[in-house]
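Working notes, structure below.
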Amino acid sequence: MNPTAKAVQPIPSLDLRAQYASIAAEIRAAIGDVLQSQQFVLGRQGSALETEVAACCECSYGVGVGSGTDALMLALRAAGVGPGDEVIVPVFSFIATAAAVTALGAQPAFADIQAGTLNLDPSQIETRVTPRTKAVVPVHLYGLPAEMDTINEIARRRGLTVLEDNAQAIGARYKGRRTGSLGDAAAISFYPTKNLGAYGDAGMLVTNAESLAARVRALRDHGQTEKYVSQEPGWNSRLDEIQAAVLRVKLRHLQEWQRARQAHAVTYNRLLAGAAGVITPQVPAGLEHVYHQYTVRIAGGRRDRVQAFLAERGIASTVYYPVPFHLQPIYASLGHRRGDFPAAEQAAAEVLSLPVYPELTAAQVERVAEALAAALAS
Ligand SMILES: *Cc1c(COP(=O)(O)O)cnc(C)c1O
């Protein structure tokens, strides 16, 4: 470690303690109310959160569930996906996008991403469709909406359900409309590190389709449509009242946190504009990025050295995601090999996410950008 690095504070990837410090009184009061009520599952907080998150996503219905993964899985199940069916997913995402398909006994059909946006390449969808294909799951990776108009058009023509994986993009906009309202349904994750994070696991399904919402509402509670009357096999996957109370407090701050993330991104873009060897996030016209991650690309096999250079200076950075789905051990039986999805493989070798959490100061953002520029110049 160089001697100057010790004198300055390290910059983590995320600082949830700083966020908690800014809202501690509100959070303690909200949790206190739940403790007073002694109602912990499927109560007033959960249904209020469902209404508020649905409104935030410009949707009619929200159904709280145990996690983002469960939201994906229950939505696919409600859309009729079962054993032997196929669901098209991009190979470059968090593993849950594909694992939710696998958990239903269905098979993910992999598609590559666009080199520019790192989101699902719509031109790959038709080549993956078979008579067993039921759905497509575009991911709004890092907080940038996928190319939904084209995806929806193809899906409509081929009779596929479109389930948005909106785990990373709550609040983002595609041509003026909020993500979560763009397909047939959307899965949201409230995992603690997400832009809207609970204090444990939680998730939600949002949709404009009343029947789909009703089916997920039953599936999350043992297939019950009324108390002690079970229509079909389901699960126990519910969003509890303490998490709902925490999320309702945080939802009130989401817009201000989103603006802070976007301001940091603007600063990074400006400071890195002249640096050779780095590509900053590309945001197509008409799309609003909410920067769950601010992810640059570093070509020429230098990414890992750059990451080590930053670490020596106390700056955390992360690789989301180092192994595309088709190269994961869990999917070895699908018979894919290196070279099958070149855009995703190149992204996996080049991406690096820099700290972009709302509580960063402007000086910290500048320090990260300067260190990155120095790493590239060295
Ligand atoms: C976090 C995440 C999920 C899963 O959400 P959990 O709440 O952790 O189950 C799914 N897809 C993507 C893209 C994610 O980032």
Side-chain angles (χ1 to χ4, degrees), residues 13-14 16 46 49 53 57 62-77 87-104 108 110-111 113 117-120 135-146 148 151 162-172 179-180 182-183 185-206 216 219-220 235-240 243-244 246-247 250 261 289-295 318-325 328 330-331 344 347-348 351 353 356-357:
S13 287
L14 184 62
L16 288 175
L49 181 73
V53 170
C57 294
V63 184
V65 296
S67 68
T69 306
D70 280 1
L72 287 167
M73 204 174 84
L74 298 176
L76 289 170
R77 185 73 203 94
V87 176
I88 298 169
V89 303
V91 287
F92 193 62
S93 176
F94 179 57
I95 192 68
T97 310
V101 176
T102 307
L104 294 170
F110 294 145
I113 54 169
T117 63
L118 305 182
N119 279 326
L120 174 63
V136 55
V137 185
V139 181
H140 307 309
L141 196 68
Y142 306 142
L144 177 69
M148 291 303 295
I151 293 167
V162 178
L163 173 62
E164 299 170 73
D165 182 336
N166 198 28
Q168 302 189 358
I170 187 168
T179 57
L182 304 167
I188 300 171
S189 167
F190 302 122
Y191 185 74
T193 61
K194 298 289 157 78
N195 284 20
L196 179 61
Y199 289 167
D201 275 311
M204 195 174 288
L205 177 284
V206 292
V216 171
L219 286 172
R220 73 173 175 181
W235 287 266
N236 173 355
S237 180
R238 297 168 309 222
L239 194 166
D240 73 69
Q243 300 307 337
V246 167
L247 289 164
K250 288 198 176 193
R261 287 174 183 273
H289 197 320
V290 293
Y291 296 100
H292 172 58
Q293 302 296 339
Y294 180 89
T295 303
T318 316
V319 175
Y320 300 112
Y321 295 93
V323 184
F325 295 164
Q328 292 278 353
I330 175 183
Y331 294 123
V351 289
S353 296
V356 73
Y357 57 88

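Hydrogens, waters and symmetry mates are skipped; everything else that's a heavy atom, side chains included, is used. In listed order, ligands and their atoms are each counted from 1.
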Side-chain donor/acceptor of Gln168 to backbone N/O of Leu141, under 3.5 Å: no

Atoms of ligand 1 close to Ser93 [distance to a heavy atom under 4.0 angstrom, numbered from 1]: 13 (C)

Thr179 (side chain) donor-acceptor with Ala169 (main chain) under 3.5 angstrom: yes

For Ala71 against Ala187, the heavy-atom pair lying closest together: CB-CB, 3.7 Å

Within-cut-off N or O pair, Gly68 and ligand 1, under 3.5 Å: yes

Lys194 heavy atom under 4.0 Å from ligand 1: yes

Contact atoms of ligand 1, heavy-atom distance to Thr97 under 4.0 Å: 11 (N)

Distance-only donor-acceptor check, side chains Tyr142 and Ser353, under 3.5 Å: no

Sub-3.5 Å N/O-N/O distance, Tyr191 and ligand 1: no

Residues Val139, Phe94; criterion side-chain contact (heavy atoms from CB on, under 4.5 Å); working and verdict: CA-CA 9 Å; Val139 181; Phe94 179 57; over 6 Å; no

Shortest protein contact, atom 7 (O) of ligand 1 (heavy atom only): Ser189 OG, 2.6 Å

Check: Gln168 N/O within less than 3.5 Å of ligand 1 N/O: yes

Atom 4 (C) of ligand 1: the protein heavy-atom neighbour that sits closest, reported with distance to 0.1 Å: Thr69 OG1, 3.6 Å

Test item: Asn166 side-chain N/O and His140 main-chain N/O as donor-acceptor pair under 3.5 Å: no

Sub-4.0 Å atoms of ligand 1 with respect to non-hydrogen atoms of Ala167: 2 (C), 3 (C), 10 (C), 11 (N), 12 (C), 14 (C), 15 (O)

Close N or O approach (Asp165, ligand 1; < 3.5 Å): yes

Nearest non-hydrogen partners of Ala347 and Leu118, listed with the distance: CB-CD2, 3.8 Å

